[in-house]
Amino acid sequence: MNYWLMKSEPDVFGIKHLQAAPNKTEPWDGVRNYQARNFMRDTMKKGDKVLFYHSNAKPPGVAGLAVVVKEGYPDHTSWDEGCKYYDPKSSPENPRWFMVDIQFKKEFKRIISLDELRQVPDLKDMVLLNRSRLSVQPVAKEEYDIICALAK
DNA sequence: GCCAACGTTGGC
DNA sequence: GCCAACGTTGGC
């Protein structure tokens, strides 16, 4: 069992959008970063738990929880010409980008803000606080548990 | 809207 | 394979 943090802009696709999606499930398309892709393609497994993070928000922070329901598969938006995620170097025969499906679990009663996370000494090694630009990133179980406890 | 951090591209 | 130019992310 692995734990993850996935970022999305709430104006574009927030936790409420995930909750409102069919089966409360959505493919995590559009990731165009190799490290993030590798996590989704190789490491994320069905049942892995996900912190749903709102970036470019006021305030930025963890908004709720989701779960991986489908493991890595090719991101078809990468060969859909005219789609904003189109990448001419990707094709159905040779897909370059991958995604997973995640399902809504819960929305926190309040946002656990980035600022609040920074205050917690045991979270100082979080990837979020050190490599801020990675949009799909691993989280330690201890970190996941601390953040869930903050949301109680 | 600014801009620092940093990942990617492409010429050499 | 280096590295300058460029584009994107994301906090502020």
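Lettering follows sequence order; numbering is per chain, from 1.
Nearer the 5' end of DNA chain B, as judged by each residue's closest nucleotide, is the contact made by A:Asn56, out of A:Asn56 and A:Arg96.
As a whole-Å value, the separation of A:Trp97 CH2 from B:dG7 C1' is 10 Å. Straight-line distance from the CG atom of A:Leu134 to the P atom of C:dG10: 9 Å, rounded to whole Å. Whole-Å rounding puts the A:Tyr34 OH to C:dT8 P distance at 14 Å. The CG atom of A:Asn130 sits 16 Å away from the C1' atom of C:dG10 (whole-angstrom rounding). The distance from atom CZ of A:Arg131 to atom P of C:dG11 is 14 Å, rounded to the nearest whole Å. If you take OH of A:Tyr53 and C1' of C:dG10, they are 8 Å apart, rounded to a whole angstrom. Atom CZ in A:Arg118 sits about 11 Å away from atom C1' in C:dG10, given to the nearest Å. Atom-to-atom, CD of A:Gln35 to C1' of C:dT8 comes out at 16 Å; the value is rounded to the nearest Å.
Among the nucleotides B:dG10, B:dT8, C:dC12, the one closest to any side-chain atom of A:Leu114 is C:dC12. When the nucleotides C:dG11, B:dG7, C:dT8 are ranked by their closest atom to the side chain of A:Arg133, C:dT8 comes out on top.
Residues A:Tyr85 and A:Ser78 are not in side-chain contact: their nearest non-hydrogen atoms beyond the backbone lie 4.5 Å or more apart. Within the 4.5 Å cutoff, the side chain of A:His17 has no heavy atoms near those of the A:Val12 side chain. The shortest distance between side-chain heavy atoms of A:Leu129 and A:Leu114 falls below 4.5 Å.
Contact check, A:Lys7 against C:dT9: no side-chain N or O comes under 4.0 Å of OP1 or OP2. Between A:Arg37 and B:dT8, a side-chain N or O to OP1/OP2 separation shorter than 4.0 Å is absent.
Checked by distance alone, A:Arg32 brings no side-chain donor or acceptor within 3.5 Å of a matching partner on the base of C:dT8.
Proximity of the aromatic rings of A:Trp28 and A:Phe39 is defined here by a centroid distance below 6.0 angstrom, and this criterion is not met.
For A:Lys84 and A:Tyr86, the positive end is not near the middle of the six-membered ring at less than 6.0 Å and at most 45° from its axis.
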